[in-house]
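None of these values were measured; they are calculated from a predicted model. A, B, ... follow the sequence lines: proteins, then strands. Residue 1 opens every chain.
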There are 2 protein chains.
Amino acid sequence: MALMRRARRRDLNLENGQSASMGWQAQKSAATQRRVLEAAIACFVEVGYARTTTTLIAERAGLSRGAMLHHFPSKAEVVKAAIDYLHTKRLRAFRKAIAAIQPGNDQVRSALRAYWAQVTHPLFFAFVELKVNGRTDPELAEILDPAQAAFDEEWTDTARELFPEWRDDPNGLETALDLLQYVLDGMALNLADGRPNVHSDRMLDYLESRLRELRPLVSTRAAE
Amino acid sequence: MALMRRARRRDLNLENGQSASMGWQAQKSAATQRRVLEAAIACFVEVGYARTTTTLIAERAGLSRGAMLHHFPSKAEVVKAAIDYLHTKRLRAFRKAIAAIQPGNDQVRSALRAYWAQVTHPLFFAFVELKVNGRTDPELAEILDPAQAAFDEEWTDTARELFPEWRDDPNGLETALDLLQYVLDGMALNLADGRPNVHSDRMLDYLESRLRELRPLVSTRAAE
DNA sequence: TCTTTTTCAGACAGTCCTGACGGATTTGTT
DNA sequence: AACAAATCCGTCAGGACTGTCTGAAAAAGA
């Protein structure tokens, strides 16, 4: 039984759609834990990582601190779980956005917009908070780095699938991906508020042209 | 006299080269204050803004907390003064780098490298710390925003001077400047450690080509 | 030399956060 | 119904940080 509880807790971090399979009261536990994690992430976004206290998280989750500390015995555990949760959430949103890209449509533009949406999403701010604080917090970096690496890998794999014509020019593909990432990250950080403006619109157009330019010519280019 | 002290303190924040003009013992005071501010900035870089405590700053400056609180009556004042100090320091370093660019040399490359040096400098991490924490700390943002704006303005003015041939294409110039800033900021953040690698080198080359491309043709282009 | 001002150091109270504990309530099982 | 376990809550001591206070040392002026 204690074994099942542990398993249950693992499940939450990886998936959160399957609540029917287990008929226990554990559902409530899982729901509570999810509430806590979402509250934690919301705190990262709204008050910053540094000022996120266990009191604040519990309050926001509609829970007492004691109750929260029952599910997550220490603050570090909450943070770790929240990072995993955030990571899967970002990845899921990203996959969804990518899956919506049809081969018939303008793939470059779609991928660009998908990444841009990714980066202007509030969750990205949470990630930035963690990343910046991770620079001076080795313990945090240790949790964060794998997540970041997994996200990057997923992204490049997806890109390779989406643009098979780039297969023979890995250097060009890497350049394009780096360019995309750097520009959008830099833009997201400088825009502070996620609102698009004249700078971001112009830069997105410009960037789109450059990516098109970097892309090898496809033999049958019906989309362009 | 108390009036002079105040004036003296102002002077430090704006300039710190002129210690000969005032023959007072105030020099020691100025030196101490400078030590404090440099210690504060070093703390931002090394342990992050959030974990920077007055105790840590004083310790690092080789001072007692009481002594420090004599010069800066509260932590907020230290932070404010440190930001001003950091700002002038970055600006000075930047001006120096720009001034070294000769019309005869490759101006695009030089300007690019100057900005890149700017962004890989430790002081940039301090700025990032402040910027990110400013997102959720209005009081900090209030101090930071003017400094950032001044820096940007200085940078664009310098660029306008340096590249007069861009006068008739303000949109192109803005695009180029935005591109430069976004790419390098994004790169600096993703590289965490300031070390250049294959990604940064490749991107710098690519970026240089794009900037050249954006630049209007100069009638007498001896430098190219 | 004596006085005044400035600079520096240590000690103090007040506040906040964390983690631990004991008890109450709810849920699942027999 | 009765018992066991899980879930939840309030309180506590310990530690850290900030800001204020008092007093000593050093420098300037008379």
Which comes earlier along DNA chain D counting from the 5' end, the contact point of T55(B) or that of A67(A), where each point is its nearest nucleotide?
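On the 5' side of the pair lies A67(A).
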
In whole angstroms, how far is the [atom2] atom of [N] from the [atom1] atom of [X]?
{"X": "R51(A)", "N": "dT18(C)", "atom1": "CZ", "atom2": "P", "answer": "14 Å"}
{"X": "L69(A)", "N": "dA20(C)", "atom1": "CG", "atom2": "C1'", "answer": "9 Å"}
{"X": "E59(A)", "N": "dG10(D)", "atom1": "CD", "atom2": "P", "answer": "12 Å"}
{"X": "Q33(A)", "N": "dC8(D)", "atom1": "CD", "atom2": "C1'", "answer": "13 Å"}
{"X": "F72(A)", "N": "dC8(D)", "atom1": "CZ", "atom2": "P", "answer": "11 Å"}
{"X": "K75(A)", "N": "dC17(C)", "atom1": "NZ", "atom2": "C1'", "answer": "8 Å"}
{"X": "I57(A)", "N": "dT18(C)", "atom1": "CD1", "atom2": "C1'", "answer": "12 Å"}

Does some side-chain heavy atom of [Y] sit less than 4.5 Å from a side-chain heavy atom of [X]?
{"X": "Y206(B)", "Y": "D178(A)", "result": "no"}
{"X": "T54(A)", "Y": "V78(A)", "result": "no"}
{"X": "F163(B)", "Y": "Q107(B)", "result": "yes"}

Looking at [X], I'd like to know whether one of its side-chain N or O atoms comes within less than 4.0 Å of OP1 or OP2 on [N].
{"X": "T32(A)", "N": "dC8(D)", "value": "yes"}
{"X": "S64(A)", "N": "dG10(D)", "value": "no"}
{"X": "H71(B)", "N": "dT6(C)", "value": "no"}

Nearest to the [X] side chain among [options], which nucleotide is it?
{"X": "L63(B)", "options": "dA9(C), dG19(D), dG19(C)", "answer": "dA9(C)"}
{"X": "T53(B)", "options": "dG10(C), dG19(C), dT18(D)", "answer": "dT18(D)"}
{"X": "H70(A)", "options": "dG19(D), dT7(C), dA6(D)", "answer": "dA6(D)"}

Want to settle it: does T52(A) or G66(A) sit nearer the 5' end of DNA chain C, counting the closest nucleotide to each?
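In this pair, the answer is T52(A).
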
Whether the side chain of R65(B) and the base of dG19(D) hold a donor-acceptor pair under 3.5 Å is what I'd like checked.
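Indeed there is one.
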
Give the ring-plane orientation class for F151(B) versus F94(B), where under 30° counts as parallel, over 60° as perpendicular and anything between as tilted.
tilted

NZ/NE/NH1/NH2 to OD/OE distance under 4.0 Å, R160(A) and D157(A)
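So R160(A) pairs with D157(A) through a salt bridge.
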
